[in-house]
Amino acid sequence: MAAKSPLLISTDLTNPTSSTLDILRNTEIIALNQDSLGKSISFKRRYTNDHDVWAGPLADGSTVVVLINWQDSTRSLVFNLADVGFSSANAVDLIKGTSLGKLVTTYTSTVAAHGSVVLKLSDATTIAPLSFTFYDAAAATNTLAGGASTRVVNESVTVVGFIGNGGTLTINNVDGGTSGGTKTLALDYINGDFTMTNTACSNCRNAFISINGGAAVQVQMPISAQVSKQARDISFR
């Protein structure tokens, strides 16, 4: 609904389930699709093998947030408001139709296996966006091996492709800061394709990132991803 895609009903209309009727009768959810601003939600963050965060603006100045549970079981899911640029906001659960009052920093909800939470946030307190130091994957100071190679996209953009299946990219001399601690890494990548047959994750690309030769951390990139680690030499494979 919040993606502003065409609305289709795919069910036996002579015998719809109660859950189907709940969706079809939920005017708050349908209103997201019909919102006059016409802007789709966009991907904000994936917590690998855990959940996705999507969000977008609405015509009345509020923000809709969609959380998607990738786990195979019902569980408690923690939403960090910082993932959508807020420290606090008034919230309404649009699926349940209940006011949640003012959320501060985080919100925890029980979510069904592969279920979702849809929140409408208003009167939000914004936080400063994260700032990043840019490191060009195609820079001559990096190390490509195992078949990874650069490819010119246009006159201003060159990317590194063929990472995986033995191909690796090492970004050398990344500044991890003097104080150490946790750092946030954002990856820019071209995602103009799709894969529904990847058994590692649904319609995404996997990357394994290691810091200074340490144990690799799996990162999933839907077809813009982040991982928190102190960074110096970063290897992708």
Side-chain angles (χ1 to χ4, degrees), residues 1-3 32 40-57 63-89 91 93-96 100 103-121 124 126-132 163-164 171 174 176 180-191 193-211 214-231 234-237:
M1 299 289 187
L32 297 176
S40 173
I41 54 173
S42 61
F43 173 73
K44 300 302 180 182
R45 185 164 185 173
R46 166 162 291 188
Y47 290 83
T48 298
N49 294 319
D50 197 90
H51 71 280
D52 275 0
V53 181
W54 296 72
T63 298
V64 59
V65 175
V66 179
L67 312 174
I68 302 173
N69 176 24
W70 290 116
Q71 296 289 306
D72 294 330
S73 59
T74 299
R75 40 76 71 99
S76 292
L77 189 154
V78 178
F79 164 49
N80 292 292
L81 274 73
D83 287 340
V84 296
F86 301 148
S87 61
S88 65
D93 185 323
L94 295 182
I95 293 179
K96 297 179 180 179
L100 303 175
L103 308 183
V104 178
T105 308
T106 63
Y107 168 67
T108 302
S109 177
T110 300
V111 189
H114 296 276
S116 61
V117 176
V118 183
L119 304 176
K120 184 177 181 179
L121 305 182
T126 59
I127 58 176
L130 292 174
S131 60
F132 293 92
I163 300 173
I171 300 178
V174 174
T182 298
K183 308 297 180 184
T184 298
L185 172 66
L187 307 179
D188 293 331
Y189 62 98
I190 294 175
N191 63 352
D193 62 349
F194 66 93
T195 172
M196 294 298 185
T197 59
N198 184 358
T199 58
C201 58
S202 177
N203 199 29
C204 77
R205 298 297 186 186
N206 272 308
F208 292 88
I209 300 176
S210 63
I211 311 299
V217 176
Q218 181 186 9
V219 176
Q220 295 175 344
M221 294 173 282
I223 306 196
S224 310
Q226 300 170 338
V227 61
S228 294
K229 281 287 182 180
Q230 181 179 352
I234 304 177
S235 296
F236 301 80
R237 64 176 173 84

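The figures that follow rest on heavy atoms only: side chains count, while hydrogens, waters and symmetry mates do not. Fair warning: this is a prediction, and the values are worked out from it, not measured in the lab. For this chain, numbers begin at 1 and follow the sequence in order.
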Using 0.5 Å steps for rounding, measure from the CZ atom of Arg46 to the CG atom of Asp83. 13.5 Å

Which heavy-atom pair separates Ile41 from Gly56 by the least distance, and what is that distance? CG2-N, 3.7 Å

Is there a side-chain contact between Val117 and Ile95 (heavy atoms, below 4.5 Å)? no

Point-to-point distance, once rounded to the nearest 0.5 Å, from OG1 of Thr106 to CG of Leu81: 7.5 Å

Residues at least two apart in sequence or cross-chain that pass side chain to side chain donor-acceptor pair (under 3.5 Å) with Ser88, listed by chain then number, are Thr125

Once you round to the nearest 0.5 Å, how far does CZ of Arg75 lie from OG1 of Thr110? 10.0 Å

Is there a donor-acceptor pair under 3.5 Å between the side chain of Gln220 and the backbone N or O of Ala207? no

If you compare all heavy atoms of Gln218 against all heavy atoms of Thr48, which two are closest, and at what distance to 0.1 Å? O-OG1, 3.3 Å

Checking the side chain of Asn69 only, and the main-chain atoms of Ala112 only, is there a donor and an acceptor separated by less than 3.5 Å? yes

Which atom of Ser73 lies closest to which atom of Ala113, heavy atoms considered: N-CB, 3.4 Å

So, do Phe86 and Leu103 sit near enough that their side-chain heavy atoms are less than 4.5 Å apart? no

Taking only residues two or more places apart in sequence, or in another chain, which ones meet Ser42 in a side chain to side chain donor-acceptor pair (under 3.5 Å)? Lys44

For His114 and Asp72, which I'm curious about, is there any donor-acceptor pair between the side chains at under 3.5 Å? yes

Please tell me if the side chains of Val219 and Leu185 come closer than 4.5 Å, counting only heavy atoms from C-beta onward. no

What heavy-atom pair brings Trp54 and Phe43 nearest, and what distance separates the two atoms? CE3-N, 3.2 Å

Using 0.5 Å steps for rounding, measure from the CD1 atom of Ile209 to the CG atom of Leu187. 5.0 Å

Closest approach of Val111 and Ser116, non-hydrogen atoms and distance? CG1-N, 3.7 Å

Residues passing the salt bridge (charged side-chain N to carboxylate O under 4.0 Å, His left out) test with Asp93, sequence neighbours excluded, are none

Do Tyr47 and Asn80 have side chains that get closer than 4.5 Å, going by heavy atoms? yes

Find the distance between OG1 (Thr108) and CG (Leu77) and round it off to the nearest 0.5 Å. 8.0 Å

For Leu67 and Val53, run side-chain contact (heavy atoms from CB on, under 4.5 Å): C-alpha distance rounded to whole Å, both residues' side-chain angles, the deciding distance at 0.1 Å, then the answer. CA-CA 5 Å; Leu67 312 174; Val53 181; 4.0 Å; yes

